[in-house]
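Note that the structure is a prediction, hence the values are computed from the model and not measured. Order of the sequence lines sets the chain letters (A, B, ...), proteins ahead of strands, with each chain counted from 1.
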Protein chains: 2
Amino acid sequence: MTTLNKQKPDTRQNLIQAAAWLIHRHGYHGTGLSDILARSNAPKGVLYYHFPGGKPELAVAALALTTEIFNQQLLMAAKRTRTATGFIKAMADLTKEDLLVSDYRAGCPLTTTALETAPEEPALTTACRDGFEVWISTVANIFETHGLPKVKARRLAEQSMAGFEGALAIARTRKDVSIIDLTADGLIQILTAQRQ
Amino acid sequence: MTTLNKQKPDTRQNLIQAAAWLIHRHGYHGTGLSDILARSNAPKGVLYYHFPGGKPELAVAALALTTEIFNQQLLMAAKRTRTATGFIKAMADLTKEDLLVSDYRAGCPLTTTALETAPEEPALTTACRDGFEVWISTVANIFETHGLPKVKARRLAEQSMAGFEGALAIARTRKDVSIIDLTADGLIQILTAQRQ
DNA sequence: TCCTCTATAGACCAGTCGGTCTATTCTTGA
DNA sequence: TCAAGAATAGACCGACTGGTCTATAGAGGA
């Protein structure tokens with residue numbers, strides 16, 4: 001699923017990765033084509049050859065890549081955890097990791113792009129919505145494997161995504177990740193309350 | 001506190017309000033000076049007369065205005081509610097209101113700006129951090145008046161802000177506010193669990 | 001009445017934006 | 001060996017960006 005396309009991956013993939021990296025840090029409007037081109041060492045003609053739709057089309061591909069990568073991280077984290085509580089803590093760690101390795105320069109590209117562009121660029125809004133849905137479904141499935149009933153698993157997954165996304169934004173302004181742990185604690189309390 | 005400055009308010013205040021309205025919808029990078037000028041019917045010279053620091057300085061003022069307005073809405077909502085649970089529901093209603101009256105065109109300007117610009121525009125990041133702190137302090141105080149101990153009130157306030165901010169972003173991509181109510185339900189469960 | 005300071009007005013600027021276009025190079029099958 | 005499509009390369013474009021500058025209008029005191 002990660003290598004579906006038959007195209008020679010180098011240039012096209014480099015463009016997508018460069019765009020994803022930059023949008024992750026500066027958002028959609030804050031990322032210029034010239035930045036993407038410089039980062040991927042590509043001339044302009046190449047971009048419009050691979051993405052006739054221009055910047056929006058490339059951004060959609062970049063958001064899809066980001067969605068897939070984080071989804072894989074969620075699945076890997078699930079393999080390492082044996083309880084729903086443990087998985088919530090693992091999600092908190094994943095959320096913190098992005099902030100710490102980037103020195104608070106990178107947030108969630110889906111949230112950033114969604115807030116910047118919805119609903120003016122429908123393709124981008126759709127990409128964000130689909131990305132959130134992928135993540136929430138994955139998290140809900142993981143909660144189910146840890147014994148939560150389907151409906152409660154889905155609810156807790158939505159609450160988790162909302163909590164961590166908001167905590168990420170606030171943590172970035174503070175250069176302090178503690179609100180992410182606080183959010184995890186809250187989710188664990190919800191989980192525990194539901195178990196009773 | 002709402003009318004501290006001695007300056008004749010018209011032009012300057014119009015600029016701030018126009019900037020706040022636009023940043024609310026399109027974010028910092030998505031809002032151009034020309035948009036702000038057009039919306040406030042002002043020529044360019046006026047902007048740089050009142051805000052020598054240019055766009056960033058005006059944006060900081062706009063974020064401060066937004067902070068203050070929403071803070072007043074929190075305080076008003078607190079007057080209408082008698083329990084912590086009721087206040088959580090009132091926060092959910094406030095969060096939903098922005099989305100619904102703007103047809104999902106407006107999110108939280110603090111979150112949007114923070115994700116777009118941190119940490120490249122320190123003044124903006126600071127304005128966002130300060131804004132979040134104002135809101136969280138207000139919410140924590142309100143929880144205290146409803147009987148929560150200080151530490152727990154602060155924790156629940158942080159969890160609330162994170163949850164509603166994240167829910168707002170996701171709701172915007174879906175054009176559906178239900179995740180905001182779900183978030184409120186989760187916060188109420190945390191509250192109840194802490195009461196035991 | 002005139003002077004001075006505040007504020008308004010908008011022409012103008014260099015730089016950058018996303019996007020188009022044509023020329024060239026690479027690759028590959030005949 | 002050569003033709004043809006795929007891919008690369010970057011010059012070029014109009015529109016727009018945030019920002020500067022000078023000219024002028026308005027207000028208030030002497």
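Atom-to-atom, OH of B/Tyr28 to P of D/dT17 comes out at 14 Å; the value is rounded to the nearest Å. Remark: C1' of C/dA7 and CZ of B/Phe51 are 14 Å apart, rounded to the nearest angstrom. Across the protein-nucleic acid pair, A/His50 atom NE2 and D/dA9 atom P stand 10 Å apart, rounded to whole Å. Distance B/Leu37 CG to D/dT20 C1': 14 Å, rounded to the nearest Å. In this structure, B/Leu47 places its CG atom 16 Å from P of D/dC21, rounding to the nearest Å. Here the P atom of nucleotide C/dG10 and the CG atom of B/Asn41 are 11 Å apart, to the nearest Å. When the P atom of C/dT8 is taken as reference, atom CZ of B/Arg12 falls 11 Å away, rounded to whole Å. Rounded to a whole Å, the OH atom of B/Tyr48 is 3 Å from the P atom of D/dG19.
A donor atom on one side chain and an acceptor atom on the other are not found under 3.5 Å apart for A/Gln159 and B/Thr183.
Heavy-atom nearest nucleotides on DNA chain C were determined for A/Pro52 and for A/Asp35, and the one closer to the 5' end corresponds to A/Asp35. Nearer to the 5' terminus of DNA chain D, by closest-nucleotide assignment, is the contact made by A/Tyr49 (compared with the other of A/Tyr49 and A/Lys44).
Comparing atom distances between the A/Pro43 side chain and each of C/dG10, D/dG10, C/dG19 picks out D/dG10 as nearest. Set against D/dG18, C/dT8, D/dT8, the side chain of A/Val46 has D/dT8 as its closest nucleotide. If you check D/dG18, C/dG19, D/dT8 against the side chain of A/Pro56, the one that comes closest is C/dG19.
The phosphate of D/dT17 has OP1 or OP2 within less than 4.0 Å of a side-chain N or O from B/Ser34. Distances shown here put a side-chain N or O of A/Thr11 below 4.0 Å from the OP1 or OP2 atom of D/dT8.
Using a 4.0 Å cut-off between a side-chain N of Lys or Arg and a carboxylate O of Asp or Glu, A/Asp181 and A/Lys96 qualify as a salt bridge.
A/His50 and A/Arg12 get closest at one heavy-atom pair: O-NH1, 3.4 Å.
Taking the six-membered ring where the residue is Trp, A/Trp135 and A/Phe70 present perpendicular rings, their angle passing 60° and hence far from 30°.
Taking the centre and axis of the six-membered ring of A/Phe143, the NZ or CZ atom of A/Lys150 falls outside the cone set by 45° and 6.0 Å.
Within 4.0 Å of B/Gly45, counting heavy atoms only, lies at least one base atom of the nucleic acid.
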